[in-house]
Amino acid sequence: MGLFISRIVPFLLLAIMPLWAQSSTLFNNTLEALRDTKTVALDGVPLLSGRLLAEFYAQRGNALVWTQPAQIARLQQVVRDSRAEGFDPQDFHAATLRTLSAPEALTTLTPAARIAADLKLSDALLRYVHHTRFGKLEPTEVDPKFNDRDPVPASQLLDDMRGAVDAPDLQHFLATRFQHPFWYTALKNALAQFISPAELADLPPLPTGGKLVKGNRDPRIPLLRERLRVLNGQFITPTALPLPDADLYDAALHAEVVAFQERLGLFPDGIIGPSTLAALNQAGDPVKAEKVRLNLERMRWLFNDLAADYVFVDVANYQAHVVRAGAIAWSTRVIVGAQDSPTPMFRDLMNHVVLNPTWTVPISIQKTMGRVSGHYTVVDRQTGRKFSGGNVSNYKRYRVVQQPGPKNALGRVKFMFPNRHSVYLHDTPNKNLFGRGSRALSHGCVRVQNPLKLAEILLAESGWDRGRIDQVLSGNKTRYVNLQTGLPVLLYYLTAFANDEGKVTFRPDIYGRDQRVTELLAQPVLSARIAFPEATPLLPAAVPAPVDEELDEEPMPDEAPDPNAAPAPSAPPLQAAVQLTQADLQLLRD
């Protein structure tokens with residue numbers, strides 16, 4: 001009990017020091033205490049990171065930030081609009097914002113309560129900049145075995161928060177502070193067509209009547225406008241002024257109706273007839289809406305500061321795409337990990353390509369082998385000498401390497417981005433498998449249907465054309481070739497994806513990962529995994545790529561991680577949040 005009391009005392013000061021003369025000292029002491037507390041709540045409102053908030057206020061001279069009602073109103077509007085990106089406004093303290101945005105709400109507070117209010121507002125902003133840039137959830141806590149991501153940099157969060165509060169227009173700054181990838185924007189825009197009917201519950205249905213055509217005036221037009229705004233994810237403040245000619249079916253409204261009809265597969269004539277009226281009144285699919293939301297969340301885990309050029313592996317759709325200048329330039333089919341050896345989800349940097357790779361037989365396969373042909377080299381693990389004859393199933397004693405050639409399990413080329421999973425892209429001699437609809441067949445790595453074309457595209461900047469690649473492949477010498485510039489590789493597991501026309505494709509959840517994301521999204525987040533400047537990286541630095549020369553090579557195995565291996569380091573378990581309650585106050589008085 002003593003330890004618990006000592007942890008809450010700094011925060012109880014917020015409720016028992018009543019004088020403004022003490023407010024500066026009180027604020028300084030409170031912020032200093034926040035630095036050392038893993039999780040904390042003020043009046044039941046949890047703060048995402050006490051340390052980051054303390055840093056934020058330190059940069060501003062430990063002064064109150066939220067002093068203008070208009071600024072709070074803009075933050076409140078941003079929170080309302082977060083539904084359009086699949087968030088629940090309660091993720092950003094919507095109820096607290098409503099209370100504090102009321103007229104004169106801040107001026108009537110005691111000094112202690114005023115400080116607490118400012119901290120809650122800053123935490124709402126912190127959560128918004130964190131969740132929209134990096135996701136609400138920490139991916140390594142969702143699945144420490146198959147998700148990877150470095151801790152979120154504190155400097156980025158602080159830059160976003162500082163930029164927002166200093167900008168003339170907070171909403172505009174937050175909406176434009178970074179460029180979303182096209183695939184995120186497409187899915188976000190498509191969310192509106194699946195919005196849950198619960199979010200339309202406060203709106204009356206659009207009454208039946210004659211057809212509505214552009215140019216008509218009709219008392220139903222304002223209801224039509226409001227319903228379309230909600231369906232499009234636009235949330236208008238109750239105090240918004242009515243539009244002039246609000247009952248006129250004008251050109252702008254007509255364009256919205258046409259877009260709505262196109263999204264739902266209706267004939268896009270802009271006429272509100274029986275079919276469109278029924279769709280407007282019954283719009284929404286909660287199951288699909290939730291599927292879109294959880295995939296928007298997954299997308300946010302890996303897209304921060306993404307360059308315009310990258311390789312995008314769409315695991316659940318068995319496709320790989322080369323993206324140039326922010327658009328898909330080339331695509332190919334792939335084979336991904338089977339259900340018992342799934343391909344992980346992470347982002348890394350491709351730095352070299354291997355032509356004529358060797359293949360180290362994975363232990364899981366070596367266990368089933370006996371004697372091997374001359375196409376394999378057997379190495380004694382203890383002495384490092386080559387071994388001939390005998391049973392190679394003794395994997396503790398022997399390592400088995402398949403030499404380069406057309407029958408090599410990795411084919412003639414592989415694409416390297418060193419990672420803890422030993423996962424990479426590579427060729428395969430089994431081309432017939434690419435004809436299957438479901439291609440979750442590998443041991444975790446990604447097999448590429450047209451690897452030579454991929455190599456030609458990626459090595460062009462390094463001075464390699466197809467003729468030079470084919471010349472190396474005509475022999476059996478292993479060769480490493482560096483990419484001139486490292487290229488991001490994103491391995492995404494997405495069970496919903498939208499094209500640029502807003503058509504959403506839902507994919508089978510082959511690895512059974514959706515349910516956990518759904519469950520965690522419905523829960524409050526008490527802390528975040530944030531890297532401060534002095535923090536030590538949790539993952540080792542990437543291994544430098546070898547030089548461009550002919551070498552023998554021992555590649556990483558085409559195998560999922562050892563199921564018995566320890567999970568990757570992740571954030572420590574959450575501590576109980578510190579709460580300010582009347583019971584705590586009474587405890588100290590007693």
Side-chain angles (χ1 to χ4, degrees), residues 178-190 295-296 298-336 343 345-355 411-417 419 423-428 431 434-435 439 445-470 472-473 480-494 496-505 507 545 548:
F178 68 96
Q179 185 68 40
H180 289 109
F182 65 92
W183 29 270
Y184 179 84
T185 300
L187 190 61
K188 183 192 79 169
N189 292 341
N295 281 280
L296 286 171
R298 281 195 182 114
M299 288 178 173
R300 289 186 283 260
W301 293 347
L302 303 179
F303 69 20
N304 183 51
D305 289 339
L306 184 62
D309 295 351
Y310 51 93
V311 175
F312 185 103
V313 180
D314 190 352
V315 173
N317 198 41
Y318 315 112
Q319 292 277 329
H321 310 286
V322 175
V323 177
R324 298 293 197 196
I328 293 175
W330 181 80
S331 302
T332 186
R333 292 186 174 194
V334 298
I335 292 169
V336 301
T343 297
M345 178 172 157
F346 65 98
R347 169 179 167 181
D348 221 302
L349 196 69
M350 184 185 298
N351 52 25
H352 69 285
V353 173
V354 184
L355 304 177
R412 305 310 296 266
V413 60
K414 70 173 182 175
F415 307 85
M416 298 299 294
F417 38 101
N419 58 86
V423 163
Y424 45 90
L425 277 64
H426 67 83
D427 185 15
T428 176
K431 303 293 187 184
F434 289 103
R439 295 188 293 278
C445 283
V446 179
R447 304 174 192 170
V448 182
Q449 183 178 33
N450 196 343
L452 298 186
K453 181 63 177 177
L454 179 58
E456 180 183 355
I457 293 171
L458 300 185
L459 295 179
E461 292 182 357
S462 302
W464 284 69
D465 59 15
R466 183 60 178 269
R468 191 177 179 188
I469 294 171
D470 289 343
V472 174
L473 295 181
Y480 296 82
V481 185
N482 284 345
L483 271 64
Q484 173 136 1
T485 305
L487 192 67
V489 180
L490 289 77
L491 283 78
Y492 262 114
Y493 181 74
L494 301 172
F497 197 86
N499 62 17
D500 55 5
E501 297 178 351
K503 182 179 180 181
V504 182
T505 303
R507 294 87 172 267
D548 177 8

Exercise. Go through the structure and list residues passing side-chain contact (heavy atoms from CB on, under 4.5 Å) with A190, not counting sequence neighbours.
Key: Q193, A498, V504

Quiz item: Residues two or more places apart in sequence or in another chain: which of them pass side-chain contact (heavy atoms from CB on, under 4.5 Å) with D500?
Solution: none

Quiz item: For H180, what residues pass the ring pair (Phe, Tyr, Trp, His ring centres under 6.0 Å) criterion, not counting sequence neighbours?
Solution: F178, Y184, F303

Quiz item: Under the salt bridge (Lys or Arg N to Asp or Glu O under 4.0 Å) rule, what pairs show up with a residue in residues 320-330, not counting sequence neighbours?
Solution: D309-R324

Practice problem: Kindly indicate, with the supporting measurements, whether the criterion side-chain contact (heavy atoms from CB on, under 4.5 Å) is fulfilled by F497 and M299. | Solution: CA-CA 10 Å; F497 197 86; M299 288 178 173; 4.1 Å; yes

Quiz item: Does the side chain of V336 come within less than 4.5 Å of V315's, by heavy atoms?
Solution: yes

Quiz item: For the atom pair CZ (F434) and CD1 (I335), what is the distance rounded to the nearest 0.5 Å?
Solution: 4.0 Å

Self-check item: N419 (side chain) donor-acceptor with F417 (main chain) under 3.5 angstrom
Solution: yes

Self-check item: Contact summary for Y492 and R298, nearest pair of heavy atoms
Solution: CE2-O, 3.3 Å

Exercise. Check for a donor-acceptor pair, side chain of N499 on one end and backbone N or O of E501 on the other, with a separation under 3.5 Å.
Key: yes

Quiz item: Can you tell me how far the CG atom of L302 sits from the CZ atom of F312, to the nearest 0.5 Å?
Solution: 9.5 Å

Quiz item: Any sub-3.5 Å donor-acceptor pair from R333's side-chain atoms to N450's backbone N or O?
Solution: no

Practice problem: Anything under 30° is parallel, anything over 60° is perpendicular, the rest tilted; go ahead and classify Y310 against W183. | Solution: perpendicular

Quiz prompt | Residue that, paired with H321, satisfies side chain to side chain contact (heavy atoms under 4.5 Å, CB included) out of V311, I328, V313 | solution = I328

Quiz item: Nearest heavy-atom pair of L306 and P181: which atoms, and what distance?
Solution: CD2-CG, 4.1 Å

Quiz item: What distance separates N482 CG from W464 CH2, expressed to the nearest 0.5 Å?
Solution: 11.0 Å

Quiz item: So, the side chain of R447 versus the backbone of V334: is there a donor-acceptor pair under 3.5 Å, distance only?
Solution: no

Practice problem: Check V413 against A455 and note the closest heavy-atom contact, atom names and distance. | Solution: CG2-CB, 4.3 Å

Quiz item: So how far is it from L425 CG to K414 NZ, rounded to the nearest 0.5 Å?
Solution: 11.5 Å

Quiz item: Is there a side-chain contact (heavy atoms from CB on, under 4.5 Å) between T485 and L483 once you walk through the steps?
Solution: CA-CA 5 Å; T485 305; L483 271 64; over 6 Å; no

Quiz item: Atom CG of L459 and atom CZ of R468: how far apart are they, to the nearest 0.5 Å?
Solution: 9.5 Å

Quiz item: side-chain contact (heavy atoms from CB on, under 4.5 Å) between M416 and M350: does it pass, once the steps are laid out?
Solution: CA-CA 6 Å; M416 298 299 294; M350 184 185 298; 5.8 Å; no

Quiz item: How long is the gap from CG on L491 to CE on M345, to the nearest 0.5 Å?
Solution: 9.5 Å

Quiz item: Can you name the residues that form a side-chain contact (heavy atoms from CB on, under 4.5 Å) with Q484, not counting sequence neighbours?
Solution: E461, S462

Exercise. Apply side-chain contact (heavy atoms from CB on, under 4.5 Å) to T505 and list each qualifying residue two or more places apart in sequence or on a separate chain.
Key: R507

Self-check item: Shortest non-hydrogen contact between L452 and L473, atoms and distance
Solution: CD2-CD1, 3.3 Å

Quiz prompt | K503, NZ atom: more than 12 neighbouring heavy atoms under 6.0 Å | solution = no

Quiz item: Between the main-chain N or O of R412 and the side-chain N or O of D427, is there a donor-acceptor pair closer than 3.5 Å?
Solution: yes

Practice problem: Mind running side-chain contact (heavy atoms from CB on, under 4.5 Å) on V446 and Y424 for me, showing each step along the way? | Solution: CA-CA 6 Å; V446 179; Y424 45 90; over 6 Å; no

